[in-house]
**Q** 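First, the structure itself, so that you have it in front of you.
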There are 4 protein chains.
Amino acid sequence: MTSGLAEKRREKYEAILKAALKVFAEHGFFNSQVSKIAREAGVADGTIYLYFKNKEDILISLFREKLGSLVRKFHEHVHEDDRADEAIRKICELHFTELEKDVQLAKVTQLELRQSSRELHSEISKALKPYIQLIEDVLVRGIEQGIFRRDLDVKLTRLLIFGAMDEVVSSWLISGRRYSLSAQVDKTVDFFLRGLRA
Amino acid sequence: MTSGLAEKRREKYEAILKAALKVFAEHGFFNSQVSKIAREAGVADGTIYLYFKNKEDILISLFREKLGSLVRKFHEHVHEDDRADEAIRKICELHFTELEKDVQLAKVTQLELRQSSRELHSEISKALKPYIQLIEDVLVRGIEQGIFRRDLDVKLTRLLIFGAMDEVVSSWLISGRRYSLSAQVDKTVDFFLRGLRA
Amino acid sequence: MTSGLAEKRREKYEAILKAALKVFAEHGFFNSQVSKIAREAGVADGTIYLYFKNKEDILISLFREKLGSLVRKFHEHVHEDDRADEAIRKICELHFTELEKDVQLAKVTQLELRQSSRELHSEISKALKPYIQLIEDVLVRGIEQGIFRRDLDVKLTRLLIFGAMDEVVSSWLISGRRYSLSAQVDKTVDFFLRGLRA
Amino acid sequence: MTSGLAEKRREKYEAILKAALKVFAEHGFFNSQVSKIAREAGVADGTIYLYFKNKEDILISLFREKLGSLVRKFHEHVHEDDRADEAIRKICELHFTELEKDVQLAKVTQLELRQSSRELHSEISKALKPYIQLIEDVLVRGIEQGIFRRDLDVKLTRLLIFGAMDEVVSSWLISGRRYSLSAQVDKTVDFFLRGLRA
DNA sequence: TATGAATGAGGCTTCATTCAT
DNA sequence: CATGAATGAAGCCTCATTCAT
């Protein structure tokens with residue numbers, strides 16, 4: 001039997017994060033009040049501070065948790081022995097479908113990702129790093145497999161790929177999600193692979 | 001001699017915007033105080049409100065002015081009879097060199113571009129529209145010139161290109177500008193053109 | 001023991017109103033700062049806003065509470081089966097003695113009663129209505145009892161009576177309360193009854 | 001020929017007062033901005049301060065001028081050899097018709113008359129004094145003429161009369177002037193005279 | 001005299017955080 | 001652990017008044 005106590009704690013922790021995701025997505029970080037998150041989570045204002053250091057810590061934790069589980073999902077679906085071009089397709093597919101499934105996460109990711117505070121920035125970079133790294137790994141593998149060009153600058157190219165996908169998601173959000181995001185996968189991947197192939 | 005009155009007004013208006021750019025770049029919109037902008041501009045707090053409706057209006061005006069002059073610069077350098085591939089190169093070159101020259105503008109663009117407030121968002125989208133449109137125009141021209149693929153989705157592709165460049169700039173900023181941004185032009189354009197060419 | 005929670009809340013609510021009464025009486029609504037009321041009430045500035053929507057709401061609530069309890073007092077002392085002329089005497093007596101007892105209330109009533117803001121005005125009219133109505137009821141009863149003239153315009157006359165008493169109080173306040181207000185009851189009522197009697 | 005200079009000055013002085021009357025009547029003293037008065041008067045903000053010490057001085061001057069001319073009008077129409085009861089009728093008639101003719105003055109008189117500041121209060125009392133005194137004079141004369149009761153307390157009764165009329169005007173204003181004010185003269189005077197007659 | 005741009009003190013209100021229960 | 005009332009610092013904005021032109 002797992003500890004009922006720690007489990008209870010974990011549950012409330014997640015309830016608060018879920019509430020925060022909703023509130024941040026709706027109003028943005030600076031226009032979200034801790035009290036609103038508390039109400040949404042069904043706890044008292046003070047309770048928040050038993051689980052998080054401060055308001056910013058909520059956002060950071062949120063990114064860590066959410067991006068962590070996203071990255072895990074990528075790793076589950078992209079394997080070392082996959083062909084690199086298939087891996088790139090898989091990555092783009094996951095990127096678009098996962099954010100299409102979880103609009104709140106998409107909003108927070110796109111709208112709050114580039115906020116201000118020093119601490120925030122480095123934390124978010126840290127949380128994103130494994131994903132960017134995954135893309136780089138695939139690029140390296142593709143070169144080794146002879147599928148991608150040898151002269152690729154993998155550090156630069158991973159940014160081009162991530163940024164391009166990121167912008168497609170942002171634009172889709174700003175448009176009010178008036179079209180299918182996942183329907184953009186094929187054309188996007190096509191553009192990438194032409195840029196990558198040997 | 002030309003009207004000293006309107007000129008004086010224009011000068012102060014620009015002094016405030018210049019101060020705002022500096023303060024916003026350093027602290028982000030929500031962590032910037034109007035009083036700090038006033039001090040930086042060498043005017044009284046109240047003076048700000050003779051030139052701007054409120055704090056948000058400063059940011060919006062800043063975008064309008066800065067992006068407006070950027071877009072003008074693009075139009076000066078990219079001509080209708082240019083080869084589309086050369087135009088793409090020119091765009092990327094300007095994008096990187098202009099932001100490398102004006103780090104504060106880069107910071108505000110990257111950090112504040114995706115802020116929250118409804119009004120803000122639509123204003124910024126409006127300000128960016130002509131640039132995104134310019135990219136699209138070049139793509140269309142490229143297809144007409146037989147240089148780019150006929151099956152390009154220009155609406156999607158303009159986002160891929162803009163997003164990729166945008167991410168390179170962001171990453172460069174986050175890195176603390178430890179390398180040359182304009183040195184990335186060649187490899188970036190190479191990647192683009194492979195994705196675009198017929 | 002009864003609920004200490006709601007009781008506590010009520011206590012603080014009344015402490016703030018009491019403080020507001022004092023401050024408003026001394027400086028007038030527009031020259032009173034919320035911070036001064038808070039200090040007088042022994043609470044933090046922010047606490048005020050846990051009990052009142054804004055500064056104006058304090059004044060409105062003050063009127064509602066104070067005039068409400070005044071009106072209640074009138075109803076306790078003036079009964080349906082009283083002779084109408086005795087009822088008029090009672091009303092004037094209470095009007096003068098109650099305001100003589102509570103100078104701060106008198107000041108706020110006289111000085112702030114006719115302030116500007118739309119909302120304020122209608123709220124105050126609403127709070128005063130039952131009192132003016134009480135006077136009218138007594139006039140109607142007097143006519144029915146055959147004590148007062150049948151040709152009285154009760155809507156007009158209630159204003160004459162209220163206005164006359166009101167002015168006596170104002171003048172007494174402005175004079176610096178250099179004479180007894182309640183000592184004016186007999187002569188005032190005498191004047192009224194001559195005007196009313198059949 | 002009168003001095004064109006002083007005349008010009010007088011004209012602008014009155015233009016500002018007229019503008020102030022309009023603005024104060026519409027928004028109340030505390031919600032009226034000096035700049036709004038200036039705009040209404042067609043002068044620059046700074047010009048106001050060439051004619052008035054400060055904002056409060058505008059209100060005080062306004063009262064002095066307006067009440068002064070009102071009082072003059074009363075003196076023109078009420079003569080020493082009139083019967084006192086006719087004089088009372090004349091006073092009430094003028095009170096109602098003059099304020100009915102000049103709604104702005106009525107509003108300022110009723111709404112701003114009892115505002116806060118120390119200086120203001122005493123100034124207004126001073127400006128009102130001659131009018132209240134006029135009523136008292138008539139009362140005294142009425143007693144001498146054997147028309148009014150010998151036992152009248154003239155100091156008190158002048159307040160009752162003024163207050164009653166004042167309230168009728170206020171109520172008429174608050175009602176949105178939905179009925180004729182001057183139509184109330186007969187019944188009002190009837191009430192007064194019953195209270196006064198020997 | 002007249003202007004009106006500039007000033008800057010000051011007030012209302014919000015909200016992250018604390019702490020007594 | 002949980003609560004939520006209370007705190008009080010801080011910021012945006014207004015507007016009476018001044019002064020250089």
Side-chain angles (χ1 to χ4, degrees), chain A residues 5-6 8-9 12-13 16 29-39 41-58, chain B residues 4-5 8-9 12-13 16 30-39 41-58, chain C residues 4-5 8-9 12-13 16 30-39 41-58, chain D residues 5 8-9 12 16 29-39 41-58:
Chain A
L5 216 72
K8 205 97 182 244
R9 193 177 161 77
K12 196 159 281 188
Y13 175 81
I16 294 173
F29 180 71
F30 279 101
N31 286 316
S32 294
Q33 295 86 330
V34 172
S35 63
K36 202 180 277 173
I37 296 173
R39 201 177 326 123
V43 301
D45 292 19
T47 305
I48 300 273
Y49 291 86
L50 299 174
Y51 291 84
F52 300 92
K53 208 166 83 241
N54 51 35
K55 186 183 168 186
E56 196 157 87
D57 187 37
I58 306 176
Chain B
L5 222 72
K8 206 105 186 235
R9 194 179 160 75
K12 196 156 283 188
Y13 175 82
I16 295 172
F30 280 102
N31 286 316
S32 295
Q33 294 87 322
V34 172
S35 61
K36 204 180 280 175
I37 296 174
R39 200 173 331 121
V43 301
D45 290 21
T47 305
I48 300 274
Y49 292 87
L50 298 175
Y51 292 85
F52 301 93
K53 215 169 71 242
N54 51 37
K55 187 184 165 188
E56 195 158 89
D57 188 36
I58 305 175
Chain C
L5 223 73
K8 207 99 185 244
R9 193 179 160 77
K12 194 156 285 188
Y13 175 81
I16 295 172
F30 280 102
N31 287 316
S32 295
Q33 296 88 322
V34 172
S35 62
K36 205 180 279 174
I37 297 174
R39 201 175 328 122
V43 301
D45 292 20
T47 305
I48 301 274
Y49 291 86
L50 297 176
Y51 292 85
F52 300 93
K53 213 168 71 242
N54 51 35
K55 187 183 166 188
E56 195 158 87
D57 188 38
I58 305 176
Chain D
L5 216 71
K8 206 98 182 244
R9 191 177 164 79
K12 197 159 280 189
I16 295 172
F29 179 71
F30 279 101
N31 287 316
S32 294
Q33 295 87 326
V34 172
S35 63
K36 204 181 277 174
I37 296 174
R39 201 175 329 123
V43 301
D45 292 19
T47 306
I48 301 272
Y49 291 86
L50 298 175
Y51 292 84
F52 300 92
K53 208 166 81 243
N54 53 34
K55 184 182 169 187
E56 197 156 87
D57 188 37
I58 306 176

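Note that this is a predicted model, so its numbers are computed, not measured. Residue numbers start from 1 in every chain, and the chains themselves are labelled A, B, ... in the order their sequence lines are given, proteins ahead of strands.
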**Q** In whole Å, what is the span from the OH atom of A/Tyr49 to the P atom of E/dA20?
**A** 18 Å

**Q** Can you confirm whether D/Phe30 sits close enough to C/Asn31 that some side-chain heavy atom of one is under 4.5 Å from a side-chain heavy atom of the other?
**A** yes

**Q** Rounded to the Å, how far apart are D/Lys12 NZ and E/dA2 C1'?
**A** 7 Å

**Q** Counting the atoms with a prime plus P, OP1 and OP2 as sugar-phosphate, which does B/Tyr51 contact under 4.0 Å by heavy atoms, base, sugar-phosphate, or nothing?
**A** sugar-phosphate

**Q** Taking CZ from C/Phe30 and P from F/dC15, how many angstroms apart are they, rounded to a whole number?
**A** 11 Å

**Q** At 4.0 Å (heavy atoms only), tell me whether A/Lys36 reaches a base, stays on the sugar-phosphate, or touches nothing.
**A** nothing

**Q** Between D/Gly42 and B/Ala44, name the one whose nearest nucleotide on DNA chain E is closer to the 5' end.
**A** D/Gly42

**Q** Counting only Watson-Crick pairs (N1-N3 plus N6-O4 or O6-N4) and G-U wobbles (N1-O2, O6-N3), all under 3.5 Å, who is the partner of F/dA5?
**A** E/dT18

**Q** Would you kindly give the CD1-to-P distance between A/Ile37 and F/dT3, to the nearest whole Å?
**A** 16 Å

**Q** Which nucleotide in the set E/dC12, E/dT17, F/dT17 lies at the smallest distance from any side-chain heavy atom of A/Val34?
**A** E/dT17

**Q** For B/Ser35 and D/Gln33, find the nucleotide of DNA chain F closest to each by heavy atoms; which residue's nucleotide sits nearer the 5' end?
**A** B/Ser35

**Q** Once you round it to whole Å, what is the distance between P of E/dC15 and CD1 of C/Ile48?
**A** 18 Å

**Q** Where each residue is assigned the nucleotide of DNA chain F containing its nearest heavy atom, which of D/Gly46 and C/Asp45 is assigned the position nearer the 5′ end?
**A** C/Asp45

**Q** Is there a side-chain contact between B/Thr47 and B/Lys12 in this structure, where contact means two heavy atoms from C-beta onward sitting under 4.5 Å apart?
**A** yes

**Q** Please report, rounded to the nearest Å, how far the P atom of E/dT13 is from the CZ atom of C/Phe52.
**A** 13 Å

**Q** How many Å lie between CD1 on D/Ile16 and P on E/dT1, as a whole number?
**A** 12 Å

**Q** Rounded to the nearest 0.5 Å, how far apart are CG of A/Asp45 and CD of A/Gln33?
**A** 10.5 Å

**Q** Is A/Arg9 touching bases, backbone alone, or none of the nucleic acid, heavy atoms closer than 4.0 Å?
**A** sugar-phosphate

**Q** Is there a donor-acceptor pair closer than 3.5 Å between any side-chain N or O of D/Lys55 and the backbone N or O of D/Phe29?
**A** yes

**Q** Where the side chain of B/Lys55 is defined as all heavy atoms beyond and including C-beta, which of E/dC12, F/dC13, E/dA5 is the nearest nucleotide?
**A** F/dC13

**Q** Do the ring planes of A/Phe52 and A/Tyr13 sit parallel (below 30°), tilted (30 to 60°) or perpendicular (above 60°)?
**A** parallel

**Q** Taking CG from D/Leu50 and C1' from F/dT17, how many angstroms apart are they, rounded to a whole number?
**A** 12 Å

